[in-house]
Amino acid sequence: MRYVDWVKNAETPDEENFYVLPYNEAEKKRIAVFNLLWTLSFLLVQTGAGLLNQSSSRTFWIFYPYVLAFVPVVYAVWGACSFFSCSASLSKKQYVSSLSRCKHSVTALLVLSVLQIVLSVVYLILHRNALVTEGLIRELLYLGCMVLMCALCVLYGIFFNKNLMNNAV
């Protein structure tokens, strides 16, 4: 990613063209729509995982990381909506409130998803005898949702690097 030399001298920073994407407005809008769809997919998977109502969701050390993961999801959706309304030439404020917000939120979501996977595996090991077939299926579906979330975060990182980082002018 190439940042335009936004500090011409120490007194007058050029913050209007801090980050310039090499796309026309139509291509930028298309990428912004894909960015928004990615972040909405995070919200969909996170909400779907919560609707499973597995027995581990009644355990505080499973429940709190799950709820805490909504913060970066909502923050990423907010950043994607903000990017949608920007032009292809972003000021520093627009960059920080849109693309940077998405990138850092998805990184936090990846960390929280890995934590949820580890805690779910620990729960499965601790309660392996108490889980009956239906309970085990729900726990494994929840674990699958978290693995899917991790995969989506990694794929989003590839999308972000390909379309929003390496091509910047």
Side-chain angles (χ1 to χ4, degrees), residues 1-3 6 15-54 56-120 138-139 141-169:
M1 155 173 66
R2 179 179 168 260
Y3 293 100
W6 65 282
E15 293 191 1
E16 291 305 313
N17 293 323
F18 178 73
Y19 190 80
V20 180
L21 293 169
Y23 304 119
N24 60 29
E25 287 301 316
E27 291 171 332
K28 188 261 169 199
K29 289 289 185 192
R30 182 184 60 83
I31 289 174
V33 167
F34 282 124
N35 192 38
L36 184 62
L37 290 174
W38 273 107
T39 57
L40 289 175
S41 71
F42 299 139
L43 184 63
L44 181 72
V45 171
Q46 188 71 12
T47 304
L51 293 176
L52 289 173
N53 194 24
Q54 74 281 9
S56 66
S57 68
R58 296 172 198 85
T59 308
F60 77 94
W61 47 276
I62 300 286
F63 176 73
Y64 289 127
Y66 168 77
V67 171
L68 185 63
F70 274 102
V71 174
V73 168
V74 170
Y75 209 56
V77 171
W78 186 11
C81 290
S82 177
F83 178 63
F84 195 78
S85 65
C86 297
S87 67
S89 177
L90 284 77
S91 68
K92 184 174 183 181
K93 182 179 180 182
Q94 289 174 323
Y95 174 76
V96 168
S97 68
S98 61
L99 292 180
S100 181
R101 180 176 289 168
C102 290
K103 178 177 69 170
H104 296 301
S105 296
V106 172
T107 303
L109 182 60
L110 178 62
V111 169
L112 286 170
S113 297
V114 169
L115 175 67
Q116 291 178 58
I117 289 170
V118 169
L119 292 175
S120 292
R138 285 186 182 181
E139 294 296 335
L141 282 174
Y142 179 77
L143 194 60
C145 284
M146 291 303 106
V147 169
L148 176 63
M149 182 69 80
C150 288
L152 284 174
C153 288
V154 170
L155 291 174
Y156 176 79
I158 293 169
F159 164 80
F160 191 89
N161 287 339
K162 181 180 176 190
N163 295 299
L164 299 171
M165 293 292 281
N166 294 339
N167 293 334
V169 174

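Reckoned from all heavy atoms, side chains included, excluding hydrogens, waters and symmetry mates.
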How far apart are the C-alpha atoms of K29 and Y23, what are their side-chain angles, what is the distance that settles it, and do they pass the side-chain contact (heavy atoms from CB on, under 4.5 Å) test?
CA-CA 9 Å; K29 289 289 185 192; Y23 304 119; over 6 Å; no

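- The shortest non-hydrogen separation linking F84 to A32 is CD1-CB, 3.6 Å.
- Note that CG of L141 and CE of M146 are 11.5 Å apart. Values are rounded to the nearest 0.5 Å.
- The heavy-atom pair separating Y95 from K103 by the smallest distance is OH-NZ, 4.1 Å.
- At least one side-chain heavy atom of L110 sits under 4.5 Å from a side-chain heavy atom of C150.
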Given V33 and L37, is the side-chain contact (heavy atoms from CB on, under 4.5 Å) satisfied, shown in steps?
CA-CA 6 Å; V33 167; L37 290 174; 4.1 Å; yes

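- Contact between S120 and L143 at its shortest, heavy atoms only, is CB-CD1, 3.7 Å.
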Take L52 and E139, measure what side-chain contact (heavy atoms from CB on, under 4.5 Å) needs, and give me the verdict at the end.
CA-CA 8 Å; L52 289 173; E139 294 296 335; over 6 Å; no

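- Atom CG of N35 sits about 9.0 Å away from atom CD1 of I31, to the nearest 0.5 Å.
- S89 contributes atom OG, which lies 9.5 Å from atom CD of E25 (distance to the nearest 0.5 angstrom).
- Residues F83 and L90 meet the side-chain proximity criterion, which asks for heavy atoms closer than 4.5 Å.
- Going from atom CG of L36 over to atom SG of C102 covers 9.0 Å, rounded to the nearest 0.5 Å.
- For the pair M149/F42, a side-chain contact is recorded, criterion being any heavy-atom separation below 4.5 Å from C-beta on.
- Atom CZ of F34 sits about 13.0 Å away from atom OG1 of T39, to the nearest 0.5 Å.
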Could you give the side-chain donor-acceptor pairs of residues 65-80 under 3.5 Å, partners two or more places apart or in another chain?
from	atom 1	to	atom 2	distance (Å)
Y66	OH	Q46	O	2.8
Y66	OH	G50	N	3.2
Y75	OH	R101	NE	3.4

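- Distance alone, capped at 3.5 Å, is enough to place a donor-acceptor pair between the S57 side chain and the Q54 backbone.
- Smallest separation of non-hydrogen atoms from A49 and Y142: O-CD1, 3.6 Å.
- No donor-acceptor contact under 3.5 angstrom links the side chains of Y19 and Q94, judged on distance only.
- Nearest heavy-atom pair, S87 versus K28, reported as atom, atom and distance to 0.1 Å: O-CE, 3.8 Å.
- A donor-acceptor pair under 3.5 Å is absent between the side-chain atoms of T47 and the main chain of L44, judged by distance alone.
- Distance check: L148 CG to C153 SG gives 9.5 Å after rounding to the nearest 0.5 Å.
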